[in-house]
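Letters A, B, ... mirror the listed sequences (proteins, then strands); counts begin at 1.
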Amino acid sequence: MEQGRKAIAILTVEDQIVDLNLGEGTGKVKKYLSFGDEKGREIYWHSTSHIMAQAVKRLFPEARLAIGPAIEEGFYYDFDLPETLSEEDLSKIEEEMRRIIQADIPFERLEVSKEEAEKIFGERGETYKLEILRELEEGVVSLYRQGEFIDLCRGPHLPSTGYVGAFKLLSVSGAYWRGKESNPMLQRIYGISFESEEELKRYLERIEEAKKRDHRRLGKELDLFSLHEEGPGFPFFHPKGMVVVNTLLDLWRKEHMKRGYQEIRTPIILEKSLWERSGHWEHYRENMYFTKIDEREFAIKPMNCPGGILVFQSRLRSYRELPLRLAELGVVHRHELSGVLHGLMRVRCFTQDDAHIYMEPKHIKSEIIGVIDLAGFFYRLFNFEYEIELSTRPEKSLGSDEMWEIATRALQEALEEIGLPYRVNEGEGAFYGPKIDFHLRDCLGRRWQCGTIQLDFAMPEKFDLSYIGEDGAKHRPVMLHRTVLGSIERFLGILIEHFAGALPLWLAPVQVVILPVAERHMPYAREVGDILLQKGIRVEWNEEKATLGAKIRKAELEKVPYLLIIGDREVEGKTISVRKRKEGDLGSFGMGTFLEKIQKEIEEKVAV
RNA sequence: GCCGGUGUAGCUCAGCUGGUAGAGCAGCUGACUUGUAAUCAGCAGGUCGUCCGUUCGAGUCGGAUCACCGGCUCCA
């Protein structure tokens, strides 16, 4: 247990987590848990959600309880309420919660038969609890009671409500019962709690700080991209944003060529019949845009695979070509629901760093491992932490059970062999095959899918793909769809937030700004900058009639990695004065030394 | 798409209970020629998201709509 923290629950020798009063004196205490432990925090937040629910029931007796778990940061509780909650209601609920905490009501664990529990919740009109109860297998269930409030809950909980030191309700939003769109929409209240006001204050400040890293804000401040009402979900890239994208893509191309990929490009608009054949018309229609040209129906591509397949089929393929890795920076359009658009992270038009690998079954594992390694190369380059998920067959899918079985196992084996931890998402795969996804986090800790590896036995079947084998006969290739960055737009968003806009030197849109102290220093400033420019360094001059301090401030706000100050001393000594972003004055350098220094830094792609 | 919120100058925001808009920063012009995060002064800039309605009169009230923000669902 962390020092200075109160014990709130107990981890037993059987690795069970139990209430403090139930574990004590049993001789089975392995460890006391506190707010400092992840599990302890979960209990703390979960208990706070019960306190909130109690307060809501007091203020709105007609509210029906749904569920109220702890989440990564804080907790929520879902209610079915006739009236809609406003921000003002939140402070009323907070007030009531304060009263409950003040009263220091004990959390009591009750174990009752399922029938008894049904009776209790039936009397209270808690229809959602009854629904949950009906699905429980156990004959005996646990309830937790604090005062007049009672909830179906596995527990454990804090000893009493008074344990909660500081809390805040953060927002109200809608949420479907059990996450299903067809179910009624409930009202969800989010909140967080801590042991002290101090910690709560620090948390809220951290959130405020994180918001300053928001790529939508930085994108505007740094003049990288913009979004307009005229094109919801269709981002516009500005000159500086394009420098970042193109620099990233230079490396992307270099790395892909090194790993045996060839680049192709396919059209954005293709005839509807192609999409009917691929299965997109059947499975993905609601996300697609359509148009008519000369009386023929066309679709704007939501994915690159059907177009890529036409390239594969453009001539007879030999086994000697396999695995054939065809990469495409494909621009796709998808009609996403209006409510989900989010800066560059979730858009309706984006560039996938796609590739399709056509191969023999024996190549599957090594190709998957190759892609995982390539993804790791890019993520490690920026010190990104990433999470891997394996998604299996969804309800709406094509292909045989056997195909799915083989494909899923291949992905699993590759993951096992590489030895990276991963999570399994049952039923979350693409309609044509199972997949491995790579998730990165934004400034507020929200996870975004970037890289993906999708094995596909279905598409080769549908398009009757074949290659001539060693035996001279036709064989069916296996296909792998994959992205590494995912969407260039989303990846840029993640990059901006990860570095808080201060992109590493090699990616920075402007790498060096030259600041003459006075107008008379301009000629030498130009001379110095031209030398850098000729060496491929991205240079700008600040020729404004402003003080040096003001020019420095401006460049620092633009997050330019290096500032060169040129005054009398520099002109005289044929030197430059170097100031590094965030670090300040590095002193005087000769041009040669400085050039060498930054060229090395660019070459090494240092991510700071 | 659904739930809740927001929408005033390029940006950040003010504008009380309805009487046709204001600040700081940015921009432009001028003066200052400046040594490591903001020199001073002046000027210019808005059909208050859009449409409809209530009213003698609407940024302010009502409705619709669009976009954005936070969630749900979905996904790269």
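Taking atom C1' on both nucleotides, B:G63 is separated from B:G19 by 24 Å, rounded to a whole Å. Between B:G5 and B:U65, the two P atoms lie 16 Å apart (nearest whole Å). B:G15 and B:C56: their C1' atoms are spaced 23 Å apart (whole Å). Taking atom C1' on both nucleotides, B:G62 is separated from B:C3 by 22 Å, rounded to a whole Å. Comparing the same atom, C1', in B:G22 and in B:U8 gives a spacing of 10 Å after rounding to whole Å. For the C1' atoms, the distance linking B:G46 with B:A14 amounts to 15 Å, nearest Å. On the C1' atoms, B:A38 is 41 Å away from B:A76, given to the nearest whole Å. Taking atom P in both B:A21 and B:C25, the straight-line distance is 23 Å, to the nearest Å.
Base pairing of B:C51 is made with B:G63, judged by Watson-Crick or G-U wobble geometry with both donor-acceptor distances under 3.5 Å. With a 3.5 Å ceiling on both atom-pair distances, B:A14 lacks any Watson-Crick or G-U wobble partner. Across the strands present, B:C2 finds its partner in B:G71; the criterion is a Watson-Crick or G-U wobble pair with both atom distances under 3.5 angstrom. Judged by Watson-Crick or G-U wobble contacts below 3.5 Å, the nucleotide B:A21 has no partner.
Residue pairs satisfying the side-chain hydrogen bond (donor to acceptor under 3.5 Å, both in side chains) criterion with at least one member in residues 424-434 of chain A, sequence neighbours excluded, are listed as follows: A:Glu389-A:Asn425, A:Thr392-A:Glu426, A:Arg423-A:Asn425, A:Tyr432-A:Gln454.
A:Leu563 places its CG atom 13 Å from the P atom of B:U36, with the value rounded to the nearest Å. Regarding A:Glu221, its CD atom lies at a distance of 13 Å from the C1' atom of B:G10, rounded to whole Å. Atom CD of A:Glu230 and atom P of B:U50 are 13 Å apart (whole Å). What separates CG of A:Leu222 from P of B:A26 is a distance of 17 Å, to the nearest Å. Note: CG (A:Asp585) to C1' (B:A37) measures 13 Å, nearest angstrom. Rounded to a whole Å, the NZ atom of A:Lys554 is 16 Å from the P atom of B:C25. In this structure, the CZ atom of A:Arg553 is 11 Å from the P atom of B:C25, given to the nearest Å.
Under the salt bridge (charged side-chain N to carboxylate O under 4.0 Å, His left out) criterion, A:Lys580 pairs with A:Glu583, not counting sequence neighbours. Under the side-chain hydrogen bond (donor to acceptor under 3.5 Å, both in side chains) criterion, A:Asp80 pairs with A:Arg64, A:Tyr128, sequence neighbours left out. With sequence neighbours excluded, no residue forms a side-chain hydrogen bond (donor to acceptor under 3.5 Å, both in side chains) with A:Arg553.
For the pair A:Thr408 and A:Arg393, the minimum side-chain heavy-atom distance is 4.5 Å or more. For the pair A:Ile453 and A:Lys435, the minimum side-chain heavy-atom distance is 4.5 Å or more. Residues A:Leu548 and A:Ile565 have side chains in contact (heavy-atom distance under 4.5 Å, counting atoms from C-beta outward).
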Next on the checklist: Each nucleotide in nucleotides 30-35 of chain B should get exactly one letter: B, S or -. Can you fill that in based on protein heavy atoms under 4.0 Å?
Outcome noted: --BBBB

Checklist entry - Tell me, for nucleotides 61-76 of chain B in 5' to 3' order, what letter each nucleotide earns: B for a base near a protein heavy atom under 4.0 Å, S for only sugar-phosphate near one, - for neither? => result -----SSSSBBBBBBB

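In this structure, A:Arg526 satisfies the cation-pi test against A:Trp541, with its NZ or CZ atom closer than 6.0 Å to the six-membered ring centre and inside 45 degrees of the ring normal.
Judged purely by distance below 3.5 Å, without hydrogens or angles, the side chains of A:His481 and A:Asp456 pair a donor atom with an acceptor atom. Remark: the A:Glu601 side chain and the A:Tyr562 side chain contain an N/O donor-acceptor pair separated by less than 3.5 Å.
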